[in-house]
Amino acid sequence: METFPKIISVDDHTVEPPNVWRDRLPSKYHDIGPRIVRAPLKEMTFVGGKFAPKMGAAGDDGPIADWWVYEDLHRPLTRLDTAVGYSRDDIKLEGITYEQMRPGSFSVPERLADMDVNHVQSALCFPTFPRFCGQTFTEAKDRELGLLGVRAYNDWMVEEWCGPQARGRLIPLTLVPLWDAELAAAEVRRNAARGVRAVCFSEIPPHLGLPSIHTDYWDPFLRACDETGTVIAMHIGSSSKMPSTSADAPPAVGSTITFANCCFSMVDWLMSGKFDRFPDLKIMYAEGQIGWIPYILERADVVWEENRGWGGVADKVLRPPSELFTEHIYGCFFDDAFGLKNLDAIGVGNVLYETDYPHSDSTWPKSREVGESQMGHLAPAVVEQIVRGNAISLLGLTGEGLWAGPGA
């Protein structure tokens, strides 16, 4: 392509600096709230979709890593958290320190520089330590501290990560306390009042021990999102259960079928009746790719038409699922040539682009080249819409593709 639009990535990640919670929690929580401890790594496995690290004590043998410690949780920083700048063959399951990662993972000036290298104008970033929908705080014992932890993260996200030094190029994505839908609604409204237009949520809440979206439990939260124009962003793995086939399946199995969680989740939403009850609600699936979507829509429409008499949806899903998809759902991709060849069956207006910086799957620093290669058959106006136009509209960005800041 002669020109390729500046990318607005709707799925990048931040590795939180060590002081995010210590700087924002009351002093009485400094020794039990999230904090970084440098310690040996005794063992770490990732088999059957389950991540299992073991922290050693001072003086133990084993490579040194930086660990997030919070109540009973010990979670190391890993090479998979921040792999950009390393050869694919050198990316292994290992613990690391902050000094061993690319500074753009956790520092705004270096992040903007790496975005420049990658032809990226703006980026929406998911969390690392809280996990993709804040389930770290949901699983904690102390609810008061958990709520403070969620709010502290959101304040850091809005005021520092997306603060003045980001110049509108970093787009805020906040968390909610998933254990209480009313508190979640209040947090959505608190952040919407300062210009936030995206919130993390779990792709399959029952995997976290939470009610499904087929109940009315989430209605206060959904109503808040509907009324404030806040997009519900669901990242693969935001149910803390990655798809796999067996307890001994290697990570490559799960990595190949990660889209399955998005697939299951999207059918849940399409058959839930929520889009008829909340007509302005929008949801997006980060890192799920898009090539699988046409068949699911075809099948969902057939089931809705032929099986609704006994399928439990006749009274609540009032239109074909494919119509609901067009109005409410966005698929996100970073490397999906097949999906782009079948774009007409998905909808140009329902697709967003991403780079997944700094994860091991990231196309950085060649996201432009990947896009040019896979979108070369598309008209320039279509490429513009996919690479940035849809994101601008969905996330309420300025015409230049920037976040307007608090109060936007």
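On a predicted model such as this, the values are computed, not experimentally measured, just so you know.
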Looking at Arg190 and Asp155, does any basic side-chain N land under 4.0 Å from a carboxylate oxygen?
yes
Between the main-chain N or O of Met234 and the side-chain N or O of Glu203, is there a donor-acceptor pair closer than 3.5 Å?
no
Any Lys/Arg nitrogen of Arg169 or Asp116 sitting under 4.0 Å from an Asp/Glu carboxylate oxygen of the other?
yes
Dump the intermediate steps for salt bridge (charged side-chain N to carboxylate O under 4.0 Å, His left out) on Glu372 and Lys366, then the final yes or no.
CA-CA 10 Å; Glu372 287 177 326; Lys366 297 182 178 180; over 6 Å; no
Do we see a donor-acceptor contact under 3.5 Å between the side chains of Asp81 and Thr128?
no
With distance as the sole criterion, is a donor-acceptor pair present between the side chains of Ser9 and Tyr357 under 3.5 Å?
no
Taking the side chain as every heavy atom from C-beta outward, state whether Asn118 and Thr355 have any pair of such atoms under 4.5 Å apart.
yes
Under 3.5 Å side-chain donor-acceptor pair for Asp335 and Gln374
yes
Specify the closest pair of heavy atoms between Tyr70 and Ala140, including all atoms of both residues, with the distance to one decimal.
OH-CB, 3.3 Å
Results of side chain to side chain contact (heavy atoms under 4.5 Å, CB included) for His30 - residues two or more places apart only
Arg22, Ser27
Verify whether the ring centers belonging to Tyr353 and Phe334 lie closer than 6.0 Å.
no
Answer whether the closest heavy-atom distance between the side chains of Ile232 and Leu222 falls below 4.5 Å.
yes
For residues 272-284, which residue pairs pass the side-chain hydrogen bond (donor to acceptor under 3.5 Å, both in side chains) check, not counting sequence neighbours?
Asp219-Lys274, Asp219-Arg277
Distance flag, aromatic centroids of Tyr285 and Tyr330, threshold under 6.0 Å
no
Looking only at side chains, do Arg131 and Thr136 share a donor and an acceptor under 3.5 Å apart?
yes
Would you call Glu400-Lys6 a salt bridge at under 4.0 Å N-O?
no
Centroid-centroid under 6.0 Å between Tyr29 and Trp21 rings
no
Testing the 3.5 Å rule here: is there a donor-acceptor pair between the side chains of Asp356 and His13?
yes
Is Arg79 close enough and on-axis enough to Tyr86, meaning under 6.0 Å and within 45°, for cation-pi?
yes
Quiz question: by atom type and distance under 3.5 Å, do the side chains of His214 and Asp216 form a donor-acceptor pair?
no
Please determine if Arg151 and Glu187 form a salt bridge, counting it only when a charged side-chain N lies under 4.0 Å from a carboxylate O.
yes
Decide whether Ser87 and Asp89 meet the rule of one side-chain donor and one side-chain acceptor closer than 3.5 Å.
no
Closer than 4.0 angstrom, basic N to acidic O: yes or no for Glu99 and Arg38?
yes
Taking the six-membered ring for Trp and the full ring for Phe, Tyr or His, determine whether the centres of Trp179 and Phe137 are under 6.0 Å apart.
no
Who are the side chain to side chain contact (heavy atoms under 4.5 Å, CB included) partners of Pro109, not counting sequence neighbours?
Ser107, Gln165
